[in-house]
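A short write-up of the structure that comes next.
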2 protein chains.
Amino acid sequence: MASIKDVAAAAGVSVATVSRVLNDHPSVSAAARTRVLAAVRDLDYRPNAVARSLRTDQTRTLGLVISDVMNPYFTELARSVEEEARALGYSVIIGNADERPDLQDHHVRTLLDRRIDGLLVSPTDGGSPLMLDAARGGTPMVFVDRWIPGVDVPVVRSDGRAAVRDLVAHLHGLGHRRLAIIAGPAATTTGRERVDAFREALALYGLDLPGAYVGQGDFQAESGRRVTEGFLDLPEPPEVVFAADNLMALGALDAVRARGLRVPRDIALAAFDDIRWFVHTDPPVTAIAQPTGELGRAAVRALVDRVEGRPGASVTLPARLVVRRSCGAPPAENPAKNRSTS
Amino acid sequence: MASIKDVAAAAGVSVATVSRVLNDHPSVSAAARTRVLAAVRDLDYRPNAVARSLRTDQTRTLGLVISDVMNPYFTELARSVEEEARALGYSVIIGNADERPDLQDHHVRTLLDRRIDGLLVSPTDGGSPLMLDAARGGTPMVFVDRWIPGVDVPVVRSDGRAAVRDLVAHLHGLGHRRLAIIAGPAATTTGRERVDAFREALALYGLDLPGAYVGQGDFQAESGRRVTEGFLDLPEPPEVVFAADNLMALGALDAVRARGLRVPRDIALAAFDDIRWFVHTDPPVTAIAQPTGELGRAAVRALVDRVEGRPGASVTLPARLVVRRSCGAPPAENPAKNRSTS
DNA sequence: GGAATGCATGGAATCGATTACATCGACGTG
DNA sequence: CACGTCGATGTAATCGATTCCATGCATTCC
């Protein structure tokens, strides 16, 4: 592969001049510029990004460490992150932590070794020493979706409290009184917050959230299934199961179906995180939708701000309730809500 | 951030010795080794992968250019690719082409600039000059899922012909005679092959595939919807719609539902590519399942073989039919087939 | 006309690693 | 005892870019 030296030789100039042409530095004669450009074309020359990065100490690359790529919510997040980054002239390297702290650490370490310019993380746990060090050590960093309390890093996330209140109002209005939740891992902020929001919303209606109605999940489908089976085995099973993410809702659906029961006739179901498939499930699932694309784009903007020396602020966007049929009573008000928005 | 020089100074040795310790070269005294290791620990030193790559001319990174990350099939493929690559000591940079040749080219170019060691591609089109050049120019490369005919690059894919025959047998057995297909882009191998396989299978039963029953899609949900609407508008609509990928099946489901029709009562539906959500749709969708994880792993192995100087062979794995309820007649034989395999 | 200014250009240092080659001392052998 | 061998180590070149500094030349201004 041709290097800058070959181009210089072919154009009859020094490597310095070639470099200047490539970075369009003003001080190059038109003659030299055209000769260099011709040589570049002839040799099919492309600058070696590795060498450039070594010298300039910037890779124009962002790292994204995500909790679980197979979760459609995170897939969409990753997609929007890559799009916005590309628009700003950055590439993205994605690391899939699969909800495992050790894998998360592995990816953070590799990304740091590669000297990425900035790091976008949705932490799987309370934060490894490695990540804490990185944050303190000056690596530009932004948390997205989840965050680690007490670390001075901007957070881009959505606030589901209002939407959870709407959901509980909806459920209460349908006559449901025994409401249960499949929680996410307590080590994650979203895991804790969604339970808290749910409990607070219930309190507004004078409803209690007994310990037996809080099942510990891990944001994966299998745990949703397991917890739901536990709920169904209770002497007094809940009337509604609220899953703290879409995969656990899927597991819950499996569990209900495996018992030969029907949603919402025998038990109602709602989920945090709306995904396009929920329109097509049997029945369509009522869910709380985050503005995923917006989150991804805002996170990249905040991170790039940091990378390029600007402040880079936290962002909180509201989530909203999308009513479908999984809690009973079809949404008579506005059928358009049921359509996929693609 | 500490460099190898700092470590050398702290340990009282030369950078060469530090490098030897790090790459465990035999010729280092035990005393020097321990001093270096101590310095590494003290300084929290991590070798700069950029500098190392420049010198050694290898990045231990693979590029994966995928047609569409939002398609669960490709998401799963990407995940298995990353896993296998990690096991072999490589990182993966994913580029999402979104079925757009220009984006595909953009990613290939960036990856090449970054001097990735090898490239895994599921081409969106017949092949840009850029990719052809890269293939000829010695960049280790492997095609996965789709490929470009006439290019000397190993292909890792699955053969759906037998499964398509099984599907047509199943449909014929259920009494369906008017079968239509939503095809993928003619520029892709999978787009063409699936239509061919379908036509051939129909021929075995003396059935024809009229032009009106072949709708041109682009592997995206919206095209599935559009094509299906066209089918439903026909004076004699088909009894079955076979979508050449899962997203177009989703669009077809939308279109059918929008008319107030029911699957499979009014029209049957089948899809290429099985995804976990098909278990939960209304009704569960009969699909052809590829061994996605195996494909991803085999592709990485083939690519790494090439990168490391070994031959690297093509692999073809069989797909299989998974019968559910979207074509009529519940699968009485074996209810286990209906369960999600997680 | 001479000094000053500015532009175009090239030489060489530099980024942080790896590695060929040189050096040096210890040891074994004839 | 002299010489060859081998292991441990350091010096310096190298990868492919960017960029500081010096130089040469033309233009401008007094």
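The sequence lines fix the lettering, A, B, ..., with proteins before strands; numbering per chain opens at 1.
At a threshold of 4.0 angstrom between heavy atoms, the contacts of A/Asn23 are confined to the sugar-phosphate backbone, with no base atom among them. Among the heavy atoms of the strands lying under 4.0 Å from A/Ser3 are primed sugar atoms or P, OP1, OP2 only; no base atom is included.
Note: CZ (B/Arg46) to P (C/dG16) measures 16 Å, nearest angstrom. With rounding to whole Å, B/Arg52 atom CZ is found 18 Å from D/dG16 atom C1'. Atoms CE (A/Met1) and C1' (D/dA17) sit 15 Å apart, rounded to a whole Å. C/dG16 atom P lies 14 Å from atom CG of B/Leu43, rounded to whole Å. At whole-Å resolution of the value, CG in B/Asp57 and P in C/dT19 are 12 Å apart. Regarding B/Ile4, its CD1 atom lies at a distance of 19 Å from the P atom of D/dT14, rounded to whole Å. Whole-Å rounding puts the B/Gln58 CD to C/dT19 P distance at 9 Å.
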Protein heavy-atom contacts under 4.0 Å, written 5' to 3' over nucleotides 8-15 of chain C as B (base), S (sugar-phosphate only) or - (none), form the string BBBB-BBB

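Every residue meeting the side-chain hydrogen bond (donor to acceptor under 3.5 Å, both in side chains) condition with B/Thr59, not counting sequence neighbours, appears here in chain and number order: B/Asp117. In this structure B/Asp102 satisfies the side-chain hydrogen bond (donor to acceptor under 3.5 Å, both in side chains) test together with B/Arg100, sequence neighbours excluded. Under the rule for a salt bridge (charged side-chain N to carboxylate O under 4.0 Å, His left out), A/Arg306 has no partner lying at least two apart in sequence or in another chain. Residues passing the side-chain hydrogen bond (donor to acceptor under 3.5 Å, both in side chains) test with B/Thr139, sequence neighbours excluded: none. Checked against salt bridge (charged side-chain N to carboxylate O under 4.0 Å, His left out), A/Asp113 has the following partners two or more places apart in sequence or in another chain: B/Arg46. Evaluation of the salt bridge (charged side-chain N to carboxylate O under 4.0 Å, His left out) rule for B/Arg310 yields B/Asp305, B/Glu308 as partners, not counting sequence neighbours. Remark: B/Thr34 engages no residue in a side chain to side chain contact (heavy atoms under 4.5 Å, CB included) (not counting sequence neighbours). Partners of A/Arg301 according to the salt bridge (charged side-chain N to carboxylate O under 4.0 Å, His left out) rule, which considers only residues two or more places apart in sequence or in another chain, are A/Glu84, A/Glu294.
In the helix from C/dG1-D/dC30 to C/dG30-D/dC1, the end axes, each obtained as the rotation axis mapping the C1' atoms of four pairs onto the next four within a five-pair block, lie 60° apart to the nearest 10 degrees.
Listed by first then second residue, pairs satisfying salt bridge (Lys or Arg N to Asp or Glu O under 4.0 Å) with a partner in residues 65-80 of chain B read A/Asp98-B/Arg79, B/Arg79-B/Glu83, not counting sequence neighbours.
With a 4.5 Å cut-off on side-chain heavy atoms, B/Arg86 and A/His106 count as touching.
Atom CG of A/Asp57 sits in a sparse spot, with 12 or fewer heavy atoms from other residues, nucleotides or ligands closer than 6.0 Å.
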Could you list the protein-to-nucleotides 23-25 of chain D atom pairs, N/O on both sides, closer than 3.5 Å?
none

